[in-house]
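For reference, the structure is listed below as structure tokens.
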Amino acid sequence: MMDWEKVFATRASRMKASEIRELLKLLEQPDIISFAGGIPDAALFPKDAVSQAYAKVLGGEQATVGLQYSVSEGYKPLREWIVGQMAALGIPCKAENVLITSGSQQVLDYLGKIFLSPKDTALVTWPTYMGALGAFNAYEPTYDRLTPMSNRAAASYREDAEKAGGRVKFAYCVPEFSNPTGETMPQQDRERLLDLADELDIAVIEDAAYQSLRYDGESVPPILALDIARNGGDIDKTRTLYCGSFSKTLAPGLRVGWVVAAESVIRKLVLVKQAADLHSSTINQMVIGEVAAEVFAPQVEKVKATYSARRDRMLAALDKSMPEGVEWSKPEGGMFVWVTLPKGMDGAELLARAIADYRIAFVPGRAFHADGSGENTLRLSFSCASFEMIDEGMSRLGDLVRREMVKSAA
Ligand code: PMP
């Protein structure tokens, strides 16, 4: 028998299935009400528009283009459509500032690849998107906690990074309706983050996967827009990389995302893409381009109307069902509510009991923490849940938490 561990590179040692993976497998059982998956509701996919776009591309002269190899930068008309979207967000840029990728997940991998040497430090929030940690882990970084609010001195980040054997390379955050907390970073924190990044001379990775899904509240300028404003309107002088995705607005299965940044760093990413997979699926980029041009705005409105009603329902159900001592976020958009249980309770243990005794599921919060903390937290997703599932599920969750609180007090 081959002993694979002996031939794996050191970077593979950090690629481990999470402790909750086994439990989450149980979700396939049909009687479980799940708030665990962070995926869009498939009932909302613009199926007709996608099918018409495939027919249009394949039925005409464009078919040979769609089925052929193409440039690593991405399909030009789609990049130009993105330029228009970015301009509306206060991000003036050119097609040369845009790289199309296979989902925004691929950008995170590429950014790990170009920035992180082993032992370098990546700044991330506690908690952060689990998939970003998964992508960066392959490059063997050290993590330090990003807290724009705390006024922690740049020198202290720098010293800790040196002790760890490298230097700070970037700060990563999900500033809008974050996965996992649902929270939005206020403008003043974004400005402080840019100040810190200036002082440390590092890149800022702005993961905007949920940016289009605002249900209420005031919109906040993207970090890249603030960075451009600080640099006389010139994106090529900025340090922020904005990662966008069609997964939450159109459909994740086509795997189309993008990154917008200074041309000099995009040129480096194009080389990485060329070496990794040459380019993202030509036909899928063309189809996304067609669908976006035809139905993007009404599609986003449809998704927002459905999810915002589910968000309202979940917040109301939590109000009704949760015992005192439990707190939760009040997201203005996105797909997630973040629940903080009283200290001493453990989200992973709670999930085991939730599945066994109450037939409900969620994601325990520890998996989103680079330092393994956050045991008393959990993530609930409302994107795929009907009102009935939400009411019943939150009522069961309330009963479970109450039962466990009584047990731990006894
Ligand atoms: N960033 C965040 C914060 C996400 O939640 C996700 C998907 N769960 C991604 C990036 C990756 O999305 P995609 O690759 O489908 O664009």
Side-chain angles (χ1 to χ4, degrees), residues 18 20-21 24 34-42 44-45 50 74 78 82 85 98-112 122 124-138 146 170-185 204-214 222-224 240-260 269 273 276-277 280-281 284-285 287-288 291-292 296 300 303 307 329 331 333-338 362-363 365 367-370 379-384:
S18 71
I20 53 166
R21 219 181 143 91
L24 293 179
S34 176
F35 304 96
I39 60 174
D41 187 341
L44 296 167
F45 294 154
V50 170
L78 180 59
I82 289 168
Q85 290 292 113
V98 183
L99 167 69
I100 309 284
T101 54
S102 302
S104 56
Q105 187 67 29
Q106 187 173 54
V107 187
L108 301 178
D109 176 44
Y110 290 177
L111 295 177
V124 296
T125 52
W126 279 197
T128 191
Y129 170 47
M130 193 192 308
L133 296 177
F136 303 150
N137 278 346
L146 176 65
F170 62 72
Y172 164 83
C173 61
V174 189
E176 237 97 51
F177 331 122
S178 138
N179 181 1
T181 69
E183 282 163 351
T184 295
M185 197 188 260
V204 174
I205 303 175
E206 172 171 34
D207 183 335
Y210 300 90
Q211 220 250 334
S212 304
L213 303 184
R214 174 174 285 283
I223 300 170
L224 179 53
T240 305
L241 298 112
Y242 177 105
C243 311
S245 175
F246 289 105
S247 294
K248 321 294 181 205
T249 49
L250 300 183
L254 280 81
R255 308 305 303 130
V256 182
W258 71 92
V259 53
V260 178
L269 288 167
K273 181 141 183 82
D277 69 349
S280 294
S281 155
N284 286 0
Q285 294 183 66
V287 165
I288 284 279
V291 174
F296 191 76
V300 169
V303 171
Y307 292 170
S329 61
M335 299 182 176
F336 307 109
V337 174
W338 184 247
F362 45 79
V363 184
F368 300 96
H369 289 73
R379 188 193 76 179
L380 298 171
S381 167
F382 50 80
S383 54
C384 293

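In listed order, ligands and their atoms are each counted from 1. Position 1 is the first residue of the sequence; numbering continues from there.
Distance check, rounded to the nearest 0.5 Å: CD of Gln106 to CD1 of Ile100 gives 11.5 Å.
Atoms of ligand 1 lying under 4.0 Å from at least one heavy atom of Arg255, given by number and element, are 13 (P), 14 (O), 15 (O). Within ligand 1, the atoms closer than 4.0 Å to a non-hydrogen atom of Ser245 are 13 (P), 16 (O), numbered from 1 in the order shown.
Scanning the protein heavy atoms around atom 11 (C) of ligand 1, the nearest turns out to be Ser104 OG, 3.5 Å. At the shortest separation from atom 9 (C) of ligand 1 among protein heavy atoms lies Tyr129 OH, 3.4 Å. Regarding atom 1 (N) of ligand 1, its nearest protein heavy-atom neighbour is Asp207 OD2, 2.6 Å. The shortest contact between atom 5 (O) of ligand 1 and any protein heavy atom is with Tyr210 OH, 2.6 Å.
By the 3.5 Å distance cut-off applied to N or O atoms, Tyr172 is not counted among the residues near ligand 1. Residue contacts with ligand 1: Ser102 is placed with no nitrogen or oxygen under 3.5 Å of a nitrogen or oxygen of the ligand (distance criterion only).
Of the options Tyr210, Phe35, Phe177, Phe368, a ring-ring contact (aromatic ring centres under 6.0 Å, His included) to Phe336 is made by Tyr210 and by none of the others.
In this structure, Lys248 is part of the shell of residues with a heavy atom less than 4.0 angstrom from ligand 1. Heavy-atom distances between Phe246 and ligand 1 stay at or above 4.0 Å for every pair.
Here the side chain of Ser383 pairs a donor or acceptor atom with the backbone of Ile39 at under 3.5 angstrom. When atom types are taken as modelled, the side chain of Glu206 and the backbone of Ile223 share a donor-acceptor pair closer than 3.5 angstrom. A donor-acceptor contact shorter than 3.5 Å links the side chain of Arg255 to the backbone of Pro252.
Contacts with ligand 1 closer than 4.0 Å are made by no heavy atom of Gln106, backbone or side chain. Contacts of Pro252 with ligand 1, taken as heavy-atom pairs under 4.0 Å, are absent altogether.
When all heavy atoms are compared, the tightest approach of Leu224 to Val260 is CD2-O, 3.8 Å. Between Cys173 and Pro175 the shortest heavy-atom distance is O-CD, 3.3 Å.
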